Amino acid sequence: MLIGAMAPLAWGATNRAPQFRSMRESMAEKFPANVLLIIADGLGHGDLGCYGQTEIRTPNMDRLAAEGVRYTDFYAGSPLANASRCSLITGRHTGHSSVRGGEGIPLPSGELTLARLLLPANYQTTWLGSWGLGLAGSTGTPLSQGFEEVRALLDVRKAQDNYPVTLYRNGEDWTLESNRNGKKGQYFPDLLLLMGTNFLRSAQYRPFLLVYSSTLPGSSLLPPPPMSSAAQTASESSYAGKDWTPAEKRKADSISRLDQDIGRLMVSLEANKLSRNTIVVLTSDSGPEQAGRTNAARLKSTGAFRGGRGDLFEGGIRVPMIVWSPSKIPGGRVSDQVWAAWDLVPTVAELTSLPKPKGIDGISMARSLYGLAQTNQHDFLYWETHQPHTQQAVRMGSWKGIRTAIDKALEIYDLKADPAEQHNLAEAKPEVAARMEQFLKTARTEHPDWPLKQPTAEPNAASPAAKPREN
């Protein structure tokens, strides 16, 4: 049974006459596909049942995977939220993007974004939730980047507050009076879900891009409020009885709450007759907070991978990716196709029959989604991050290269044999290291805001994963 939905509200169910259903399905084929992009905050590769999680119940996301396509080798654009979101909506990796780290530098004006791609095709473009690519008054607000309707927390650091006082609403501040002066009257995930379902209720006359950018489970550092009696879940009572730390219970509750909200969005899609013509994409902006910060080690949020949010080992950047659209994409499949956040823009372009934008790093993965051989492949994937100093990573086939500082030697790992990145093969595989080094010479463009930074001279300088959360 779905969390937050009874079985009779199954997504594919309808009580309409067969003739009407046939007509509606025929009509859907003639209209451009809607796109619902769900971005979780720090959802780990191992946080979902369909990716191997055994302690936390995620039936709605697991169902999306069972009916859609689940990718095992998908990567966030960065181990930091705002740089990752930049890659996701611009189609550029962090060697070429305008936002490569967490210092609050906004997207510049005129940037190609997923919203700007779809606007000429008469798409309604809406962003709800956490943003991170520019504060009010800057060039990086959602309204300045092609989104027509916005209800957002612009600063992702403040988005960790479950009870925010102020939201950005179409260019103006929106004060949540019930949260002023320390009060906790409006839990943000409740409000976000209400805004999402309200949008779907009215989205009948134009194709849409809806970005539903949740603050969960990243805000699990703060306890969520009790769920209403109508939304009680089996997991809530079972977690209460677990011999876990409070941090582990909060994390599990937050993931189950995210799962519940996704289930309700799916019910809303069906109730508003939108599911036949909507492509649902579920992913995460980075890996999870590392166990050292949340004390939630036993939940194994990164699965078999090393690291977490803030670094370039697999646990920091390999994240869930599920695509669901039963009327358009053959489902029930698991794929090890390697791709990354910057591939989303050209993939959506092809899925919506729009020309592929030029001058980006991404390539369309539509053939893979359709169950065909993906003839267009990346030779390399590239990442860089600059907190607290420059680090770089490369994936080439099953090989992974990591430079933990620009004055360090490249470490080489065989992800097929060693997914936990425990055995550095740089000396044993000099030809692989040499090829990656050659690629690194051309992988990035210089940017005044993102110079290559040497490590600090402090002997006990904190690693990015051990510091309080950056953007």
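Since this is a predicted model, take the numbers as computed values, not measurements. Keep in mind that the numbers below use all heavy atoms, side chains included, and drop hydrogens, waters and symmetry copies.
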Count the heavy atoms belonging to other residues, nucleotides or ligands that lie under 6.0 Å from NZ of Lys408, then report whether that count exceeds 12.
no

Arg206 atom CZ: more than 12 heavy-atom contacts under 6.0 Å
yes

Quick one, [X] and [Y] - any side-chain contact, counting heavy atoms below 4.5 Å?
X: Thr390; Y: Thr385; value: no
X: Leu117; Y: Pro357; value: yes
X: Ile89; Y: Leu133; value: yes
X: Trp174; Y: Thr166; value: no
X: Ser213; Y: Ile39; value: yes
X: Val281; Y: Met321; value: yes
X: Val319; Y: Phe74; value: yes
X: Leu381; Y: Trp342; value: yes

Would you tell me whether [X] and [Y] have side-chain atoms, one donor and one acceptor, within less than 3.5 Å of each other?
X: Glu149; Y: Thr125; value: no
X: Asn60; Y: Arg63; value: no
X: Asp285; Y: Ser84; value: no
X: Ser368; Y: Gln374; value: no
X: Glu270; Y: Ser275; value: yes
X: Ser202; Y: Asn198; value: no
X: Asn34; Y: Gln124; value: no
X: His378; Y: Asp361; value: no
X: Asp47; Y: Ser301; value: yes
X: Asp62; Y: Thr58; value: yes
X: Tyr239; Y: Ser256; value: yes
X: Ser78; Y: Arg85; value: no
X: Ser97; Y: Thr94; value: no

I need the minimum non-hydrogen distance between [X] and [Y], along with the two atoms involved.
X: Gly129; Y: Phe188; result: CA-CZ, 4.0 Å
X: Pro142; Y: Tyr168; result: CD-CE2, 4.2 Å
X: Pro346; Y: Gly362; result: CG-C, 3.5 Å
X: Gly315; Y: Phe305; result: N-CB, 3.6 Å

How long is the straight-line distance from [atom2] of [Y] back to [atom1] of [X], given to the nearest 0.5 Å?
X: Tyr187; Y: Tyr163; atom1: OH; atom2: OH; value: 6.5 Å
X: Leu282; Y: Asp259; atom1: CG; atom2: CG; value: 9.5 Å
X: Thr90; Y: Leu112; atom1: OG1; atom2: CG; value: 7.5 Å
X: Ile317; Y: His45; atom1: CD1; atom2: NE2; value: 11.5 Å
X: Met266; Y: Leu36; atom1: CE; atom2: CG; value: 7.5 Å

So that I know where these two stand, are Phe199 and Phe208 an aromatic pair - ring centroids less than 6.0 Å apart?
yes

Using side-chain contact (heavy atoms from CB on, under 4.5 Å) as the criterion, list what pairs up with Glu172, not counting sequence neighbours.
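side-chain contact (heavy atoms from CB on, under 4.5 Å) check on Glu172 returns nothing, list empty.
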
Flag, side chain of [X] to backbone of [Y], donor-acceptor distance under 3.5 Å:
X: Gln387; Y: Gly102; answer: yes
X: Ser130; Y: Thr215; answer: no
X: Thr352; Y: Val348; answer: yes

Applying the side-chain contact (heavy atoms from CB on, under 4.5 Å) test to Gln186, which of Asn162, Leu194, Leu176 qualifies?
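So, applying the side-chain contact (heavy atoms from CB on, under 4.5 Å) to Gln186 and each of Asn162, Leu194, Leu176, only Leu176 qualifies.
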
Glu384 and its salt bridge (Lys or Arg N to Asp or Glu O under 4.0 Å) partner, picked from Arg100, Lys453, Arg403
Arg100

Is the ring pair Trp131/Trp127 parallel, tilted or perpendicular, if the boundaries are 30 and 60 degrees?
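Trp131 vs Trp127 ring planes: perpendicular.
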
Over 60° means perpendicular and under 30° means parallel, so classify the ring planes of Tyr71 and Trp339, tilted if in between.
perpendicular

Here's a test for you: under side-chain hydrogen bond (donor to acceptor under 3.5 Å, both in side chains), which of His93, Gln392, Arg395 qualifies with Tyr382?
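Per the side-chain hydrogen bond (donor to acceptor under 3.5 Å, both in side chains) rule, the option paired with Tyr382 is Gln392, out of His93, Gln392, Arg395.
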
Identify whether the distance between the nearest side-chain nitrogen and carboxylate oxygen of Arg444 and Glu446 falls below 4.0 Å.
yes

Ion pair present between Glu289 and Arg309, side-chain N to carboxylate O less than 4.0 angstrom?
yes

